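Here is the naming used below: chain letters follow the sequence lines, and residue numbers restart at 1 for every chain. Both backbone and side-chain heavy atoms feed into the values below; hydrogens, waters and symmetry mates do not. Values in this document were obtained by computation on a predicted structure and should not be read as measured data.
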Amino acid sequence: MIWQTECTLSLLARHYRTLFRTCARYSALDVGKKLHASIVTTGLVTCQNTFLRNAILHMYAACGSVLYARKVFDEIPLSYKDTVDWTTLMGCYAHGGFPLDGLNLFVHMKKSDVLIDEYTMVVVFLASAKMGCEQFGVQGHGCMVKMGFSSSIKACNAVMDMYVKCGLIDKTRRIFSEMGEKSIVSWTVVLGGVVKWEGFENARLLFDKMPERNEVAWTVMIAAYIENGLTKEAFGLLREMLFESGFELNFVTLSSLLSACAQSGNVLVGKWVHVYALKMIEHEIDIVVATTLINMYAKCGRIDDAFRVFLVMPRRNVITWNAMLSGLAMQGKGDMVLDLFGQMIREVKPDDVTFTAILSACSHSGLVDQGRHFFYSLESTYGIKPSIEHYSCVVDLLGRAGYLEEAESIIRGMTIPPNEVVLGSLLGSCSVHKNLELGECLIKELVQMYPDNTKYHVLLSNMYSLAGKNDKANSIRVVLRSRGVRKVPGISSIYVGGQIHCFSAGDKLHLQSQEIYMMLDEMIRKIRLAGYAPDTACQKFSGSNDGDYYGYGQEEKEQALFSHSEKLAVCFGLISTQAGMPIYIFKNLRICQDCHSAMKIVSKVYNREIVIRDRNRFHRFKLGSCSCFDYW
DNA sequence: TTAGGGTTAG
């Protein structure tokens, strides 16, 4: 009888373990909590029942519930806590955004004389990588060698990944070459590192040398091609992967490829992936894939396609809604964002990202009162503590609209220290509204915070120059020249025939350069007749880095302005795409005032819709006006 | 009866 009861109990415990594992896999925290509650009274969870206890801990960890995981961990008497318990909680901290807590737990674990194994080391490196500075990782590496894990493939893979994430690819390569036995993960970690730090050409050399490849390796390489605008090569590898090597795309792969498309604006590959997903998946597209589809279409400027995907989704989570709202915000469709938000709160609970989208939508659309209202009711109505992103949006919103004092008082009352983005945003507004006093004060703060970042010295000099204080402006420029300042070059890119074409200001590297410049001459002539007046002064505060004009005459300044990267890209678009077709351009920095005015007239003169994604948002030029209504 | 759990690459 007793034997029978014991048998039943152990069977029950095993069933519970399976259930907890399933909850962990599907991040079903609510179900997991209910199961946990139901099991507490059964007496099944005992100190001795290591596996069941660990399954519960793991469930909370996998669902990202740091608090509950910690509670379960703390309830285990110290002498019963084993390596797996410690490692699980460390991983939970590292994944949940508290890597330092994870590392502290490791120190505590060592002091408590708990056995440390290769899994523990993997988590140590995960946490070190998340810290983002090499100092912790190097210490962990030393620890790993001392403890004799140098020949553990898992530990080596994790330490290599940590070095990749810290930007130390040489160290990764050294460990890789010294490894006796390597796994596919070792190769893929290095492949990812080479893509990131040494470029896709070197990555391809390594990819070709791989003794075996799994879908992760294929995805890394294909995404690298997509990110670099090499559509033909990306399609070539996709074909090899699917039709020659017999792999299929799963939802993680699909999402990775779509993210690469979103980043590089490659809607051609993005659409192909969409069609693949529709054909391959029998029931409905996974919610994660559908959300990355919305993000992809939105970032490629196809907001209508994004909205179509959104509308047919049978279920949507908060991330789906956020993707849709952020996409609309980038397009400056503030009214639509606010309207959709009303629908959203009936379906899901908004989170901090939702409000970043809302505040940025208000900012891009000039909806000052609404944005202000949302910001001030964040905590009281929605229980959300304002984040640095919320602050920078609201400062931007108020600053642009000229409420500089209010924006400043929000900054001074921040519960977290303001960063470069927040202060820089108000600084931009000071330039626009010509508030030299506050601007000067902010720049001094910024120069103190980032003494090596010459951007702020440039802004200060521009500001003095605009205020007619040329002596002060010149003295800063002299200092900057002596320091050999190089600015990030402005680059505009455009897809034609599936291939990316990149332009920087005044460059003549394109094969059709001659035709492009002929078109440019014609275009400038035509838009001048239609009212375009070059605005050389805009250069001062535009934040655009399409050239340096100090010490040049008016004509040279104009010439330099005409060959801004986005103007070259639009000329190439005009000569290489069919009449009437929209032209999509991607720019790494913000579009300058002059190009903005020019594009409006180009859209009218050539009867073309021109869509430009700059660093901040989309500008859709049509029949002489822009979707931003010049509010940006 | 014994082993099982926790981890890394997109």
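- Here B/dG5 presents its P atom at 17 Å from CD1 of A/I76, a figure rounded to the nearest Å.
- Among the protein residues, A/S259 comes within range of no part of the nucleic acid, since none of its heavy atoms lies under 4.0 Å from any strand.
- Contacts of A/T88 with the nucleic acid, taken as non-hydrogen atoms under 4.0 Å apart, involve only primed sugar atoms and P, OP1 or OP2.
- Residues of residues 128-157 of chain A that place a heavy atom closer than 4.0 Å to DNA chain B, in numerical order, are A/K154, A/N157.
- Among residues at least two apart or in separate chains, salt bridge (charged side-chain N to carboxylate O under 4.0 Å, His left out) pairs with a member in residues 37-66 of chain A are A/R53-A/D85.
- Cation-pi geometry between A/R613 and A/Y584 is not met at under 6.0 angstrom from the ring centre and within 45 degrees of the axis.
- For A/T188, the side-chain atoms get nearest to B/dA9 when compared with the rest of B/dG4, B/dA9, B/dG6.
- A/K196 comes within 4.0 angstrom of nothing in the nucleic acid, heavy atoms only.
- The pair A/R204-A/D208 counts as a salt bridge, with a side-chain nitrogen and a carboxylate oxygen less than 4.0 angstrom apart.
- Using a 4.0 Å heavy-atom cutoff across all strands shown, A/T50 reaches at least one base atom of the nucleic acid.
- As rounded to whole Å, 8 Å separates atom P of B/dG5 from atom CZ of A/R17.
- A close approach under 4.0 Å does occur between a side-chain nitrogen or oxygen of A/H95 and OP1 or OP2 of B/dT8.
- B/dT8 atom C1' lies 13 Å from atom CE of A/M121, rounded to whole Å.
- Taking 4.0 angstrom as the limit, A/R14 places none of its side-chain polar atoms (N or O) nearer than this to OP1 or OP2 of B/dA3.
- Separating the CG atom of A/D117 from the P atom of B/dT8 is a distance of 14 Å, rounded to the nearest angstrom.
- Of the candidate nucleotides B/dA9, B/dT7, B/dG10, B/dG10 has the atom lying nearest to any side-chain atom of A/S256.
- Exactly one of A/W272, A/Y495, A/Y297 qualifies for a side-chain contact (heavy atoms from CB on, under 4.5 Å) with A/V267. That residue is A/Y297.
- A/N54 comes within 4.0 angstrom of a base, heavy atoms only.
- Per the geometry, CZ belonging to A/R21 stands 10 Å off C1' belonging to B/dG6, to the nearest Å.
- The side-chain contact (heavy atoms from CB on, under 4.5 Å) test with A/C23 is passed by exactly one of A/T18, A/L29, A/D30, A/L35: A/L35.
- Judged by distance alone with a 3.5 Å cut-off, no donor-acceptor contact links the side chain of A/D85 to the base of B/dG6.
- Scanning atom types as modelled, one donor and one acceptor separated by under 3.5 angstrom connect the side chain of A/T87 and the base of B/dG6.
- In this structure, A/L311 places its CG atom where more than 12 heavy-atom neighbours from other residues, nucleotides or ligands lie under 6.0 Å away.
- The side chain of A/I184 has B/dA9 as its nearest neighbour among B/dA9, B/dG10, B/dG6.
- The CG atom of A/D161 sits 9 Å away from the P atom of B/dT8 (whole-angstrom rounding).
- Within 4.0 Å of A/S183, counting heavy atoms only, lies no atom of the nucleic acid at all.
- Under the side-chain contact (heavy atoms from CB on, under 4.5 Å) test applied with A/F307, the options A/L340, A/V312, A/I294 reduce to a single match, A/L340.
- Dense packing is recorded around NZ of A/K81, with more than 12 heavy atoms of other residues, nucleotides or ligands lying under 6.0 Å away.
- Dashed line: the shortest gap from a side-chain N or O of A/H58 to OP1 or OP2 of B/dG5 is not under 4.0 Å.
- Closest to the A/N250 side chain, of the nucleotides B/dG10, B/dG6, B/dT8, is B/dG10.
- Of the options A/K71, A/R70, A/K33, A/H36, a side chain to side chain donor-acceptor pair (under 3.5 Å) to A/Y60 is made by A/H36 and by none of the others.
- A/L105 has its CG atom 13 Å from the C1' atom of B/dG6, to the nearest Å.
- Considering all non-hydrogen atoms of both residues, A/M121 and A/G140 come closest at CE-O, 3.7 Å.
- Near DNA chain B, meaning a heavy atom under 4.0 Å from it, residues 211-224 of chain A has A/N214, A/E215, A/V216, A/T219, A/V220 in order of number.
- Rounding to whole angstrom units, OH of residue A/Y60 and C1' of B/dG5 are separated by 18 Å.
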